[in-house]
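One structure is given below, encoded as structure tokens.
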Amino acid sequence: MLSVGIVGLPNAGKSTLFRALTRARVAVAPYPFTTVDPNTGVAPVPDERLEVLAGLVAAERVVPATVRVVDIAGLVRGAHRGEGLGNRFLAHVREMAALLHVVRAFHQPQVVHVEGSPDPVRDIEVVETELLLADLETVQRRAERIRPRARTGDTKAREELSALEQAEEALDAGRPARFLPREVRQVLRPLRLLTDKPVAYVVNVGEGQQDGAVEAVKAVARARDVPVLVASLRVEEELLDLPEEEARAYRAEAGLGEEVLAQVVRTGYRLLDLVTFFTTESREVRAWPVPRGTRAPQAAGVIHTDMERGFVRAEVIGFEELVRIGSLQAARDAGRIRLEGRDYEVQEGDVITFRFHT
Ligand SMILES: Nc1nc2c(ncn2[C@@H]2O[C@H](COP(=O)(O)OP(=O)(O)OP(=O)(O)O)[C@@H](O)[C@H]2O)c(=O)[nH]1
Ligand SMILES: [Mg+2]
């Protein structure tokens, strides 16, 4: 499952984003540290192909893929030393696959800004510095732990220590762990470093605001190879209360872009290089995300471990082709369902029936 953790300064709009994504009712308020305990929610992954498939196979139920979202307390300068509420909560986003970094660009004096007033580029630095420092501490603590073992000549410990030392040097110089060589990242994976995770900036702009904030963030983001999402989060959240038709009309009229949930999902799938396959058993159409390159048995294992263990073959047809042919039965009759074995790499949009021994 795609999982994303929301980070950012206090009052940046993190919980507002959380609500816009999950439609959950959580506290949002104009003072810092509204969120103390982390909020966890699940959002459906929008995918228009599901309804189309449901029509083709006469399914009774559609089960979209889901994305898990965790919203934590705001980070402030010194969070890594336990300032504010930060450090304690960073642990909650460690398990997430990717981070959404909410950057406040809306101006609203009543909504306190911990640094005085919003300055998106400086604010990004503040938050990223805290993530770097938190990782630095993790790395240093681990290095201390294994140094004695590395000294005794334990090869594994020595390899890890060398990776830790490279990470320490990079982090110390302000470079996120995701830019370390692949072998080093591999060794350090169990530490779940925050700066090793792919990140996207979510620029929270005021309604109709045009003051160069987005361009400034984009310039910084380009240099770091970070995707940028732009949304007016309060508007996004308010639109959830409108009937779908009205919300769509409002979006068009106000010139709003794609819904923030769709933006987050698309970016998340790209950052993590996920593909979606579909199943249609038991009158239920379901979408399943897997990393690109996943082979058929492992894809089956996402559904149930027994299906991976007893994997026999996968019967596969691409979504587009199935739509063209009109039904699974017609596709079968026309010999258009491919039989694929253990080495088959699942492709985007595959509609799959797994055969397995029980
Ligand atoms: N004008 C305006 N206000 C916003 C926008 N997004 C959020 N706010 C307001 O900003 C305040 C803080 O929003 P939250 O979502 O609670 O911020 P947070 O980042 O979760 O804050 P903490 O939990 O305190 O760290 C609330 O009063 C929101 O209504 C926006 O796009 N425009
Ligand atoms: Mg909050």
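Atoms within a ligand are numbered from 1 in the order they appear, just like the ligands themselves.
- Pairs passing the side-chain hydrogen bond (donor to acceptor under 3.5 Å, both in side chains) check and including a residue from residues 170-190, sequence neighbours excluded, read R185-D196, Q186-R189.
- Within a 6.0 Å radius of CZ in R251, more than 12 heavy atoms belonging to other residues, nucleotides or ligands are found.
- For residues 295-307, the salt bridge (charged side-chain N to carboxylate O under 4.0 Å, His left out) pairs, not counting sequence neighbours, are R295-E345, D306-R309.
- With Y269 as the aromatic partner, R266 does not meet the cation-pi criteria of under 6.0 angstrom to the ring centre and within 45 degrees of the ring axis.
- Within a 6.0 Å sphere centred on CG of D273, heavy atoms belonging to other residues, nucleotides or ligands number more than 12.
- Between H101 and Y201, the angle of the ring planes goes over 60°, which puts this pair in the perpendicular group of the 30/60° scheme.
- Within 4.0 Å of ligand 1, protein heavy atoms come from L9, P10, N11, A12, G13, K14, S15, T16, V28, A29, P30, Y31, P32, F33, T34, T35, G74, F106, Q108, V111, N204, V205, L233, R234.
- The local environment of CZ in R49 is crowded, with over 12 non-hydrogen atoms from other residues, nucleotides or ligands closer than 6.0 Å.
- Around the Mg ion (ligand 2), the protein atoms of type N, O or S found under 2.8 Å away are S15 OG, T35 OG1, listed by chain and number.
- Grouping the Ile, Leu, Val, Met, Phe, Trp and Tyr side chains by contacts below 4.5 angstrom, directly or via other members, places F106 apart from L256.
- Connection of V230 to V199 is established within a shared hydrophobic cluster, with ILVMFWY side chains joined at heavy-atom distances below 4.5 Å, either directly or through further cluster members.
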